[in-house]
Enquirer: 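Take a look at this one; I'll ask things after.
Whatever order the structure lists ligands and atoms in, that order sets their numbers, starting from 1.
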Amino acid sequence: MDVLSPPAAKKAKSVHCHTLDDLFGIKALLSDEYKKEIRLIKVHSCELESKQQLQAVIQELAQKLPHFQHLKRVHDRNVLICPTADIKDTLEQHLKQHQISDHVLKALCRNVNVVEVPANSAKLRVQYDQMVKYWPCKFHPDKYAESLQNGSNFTSSQRLYHKRMAQLLRHLSRDLNQGQPVAICVDPRQPSIVAIAGSSNSEGSHQHCVMWLVDHVARSQQGGAWQSQVDFVQDEQQHAAKTLRGLPQNYYDYLQSHEHCKDLQYGAELPRRGSEKQPEDELGTSVDNLSKYGPYLCTGYDIYLLREPCLMCAMALVHSRVKRIFFLEQSKNGALASSFQLHGVKELNHHYEVFQFTTTS
Ligand SMILES: [Zn+2]
C-alpha cells in the first residue's frame, strides 16, 4: 500500500494518525537480562530446628558466606547456605574453611537439602512473578524499564513522530535511493532532522549508510571526513542558530516539496562556544549532555534506519554516543536483533536504547 496516498475511506480522517497507527507499532528491544526466562542455580539449604537459631545463623552467614543479595536468605525456618557449585568436598568442610563457628555449623548441617533458586535479580515484575515461585526475592521496580516492556514509554505525539520517521525512511528509500537503505538523524528536543544519508551498491564495502550518516552529522558540526559526490544544503544566514549542512540537497528538496512534510523541522544546533541557553525537550528525553553542552558527535540524537545495522555500523553508533536507534527491517547480519545484541553488551562504555517498528503490511 502506498502510505503517501491512503485509501479513499481513510482520507477523511486525520491522515497521519490513522494510517500510521495501522501500519507501525514500536517495540523496545531489551537486552537479555530483561527477558522473561529466568536462570536457576542449585543451592544447599537447611531447615533450622528452631527460630531462636536464626539470628546467630544469619549474622554469621552474612559475614562469612555473603551470597544471594537478590534473595531473602530465610524462608520460614529454611536458610540458604551456598551454591552447590562452590563446594569441593563436603558442606561441613566448606563451612569450616570459611570459619563458621561450631554451634552455627551444627545448626546448618541438619536437614540439608538442595533447592533451585533464581540466579539473578529480577529486572521486571514479570520476572519477579516467576522467581518468587522458587524462593522469596527482593525486588526494586524500575518504572522506566517496565514502561519499555509494556510500550507505555512514549506519549501519543512521540509515537506519531517516530512512526512518521519510519514512513519517511520508506519513501526516501523508494523515491530517491532505488530501494537501498536510508538513515535519518534527529535531535529529539524540537524534534528536528539533523542529517540524512542513503547508501548505494556502488559504494565501497565499508561505506554503509550509517557510516555516511555519522559523517553527515559531523558536517553539521563543521567536521566530516568523507569525500562525497552529494550536494549539501547551504546555510543562508551565516549566523543562524541552526545549520542544514548535514542534509543532502536532493533529500531536502524532496521533503520541502511534499505537503505532508511541511510541518517537520530541519537543522542541527551549532556546536556551542560558551554557556548558552538550553532548548526545550519536546520528545520527553531527560536533560542530558546534548542539552547541557550542545552537539558533540551524536550525543543525545535519535537514529532512524530502514535496515537493522551490521556490527560495524552498530559499533560506530556506540562510538558516536547515539541515544536511541529505531529501525524498520531486520537484516541477516544485523547486530541489534538478528545475529547479535550489541546494546546488551555490558562491557561497552556507552549504551543506546533500541526500538523496532513492527508493521502489519
Ligand atoms: Zn553496516
Enquirer: What N/O/S atom of His208 gets nearest to the Zn ion (ligand 1)?
Expert: ND1

Enquirer: Between His162 and Phe154, is the gap from one ring center to the other below 6.0 Å?
Expert: yes

Enquirer: Run the salt-bridge test on Arg164 and Asp263 with the 4.0 Å N-O cut-off and return the result as yes or no.
Expert: yes

Enquirer: Angle at the Zn ion (ligand 1): provide the value between SG of Cys310 and SG of Cys313, rounding to 10 degrees.
Expert: 110°

Enquirer: Test Arg324 against Glu353 for salt bridge (charged side-chain N to carboxylate O under 4.0 Å, His left out), laying out the working first.
Expert: CA-CA 5 Å; Arg324 300 182 290 199; Glu353 292 175 5; 5.1 Å; no

Enquirer: Please check: side-chain N/O of Gln149 versus main-chain N/O of Leu124, any donor-acceptor pairing under 3.5 Å?
Expert: no

Enquirer: Under 2.8 Å from the Zn ion (ligand 1), can any N, O or S atom of Cys209 be found?
Expert: no

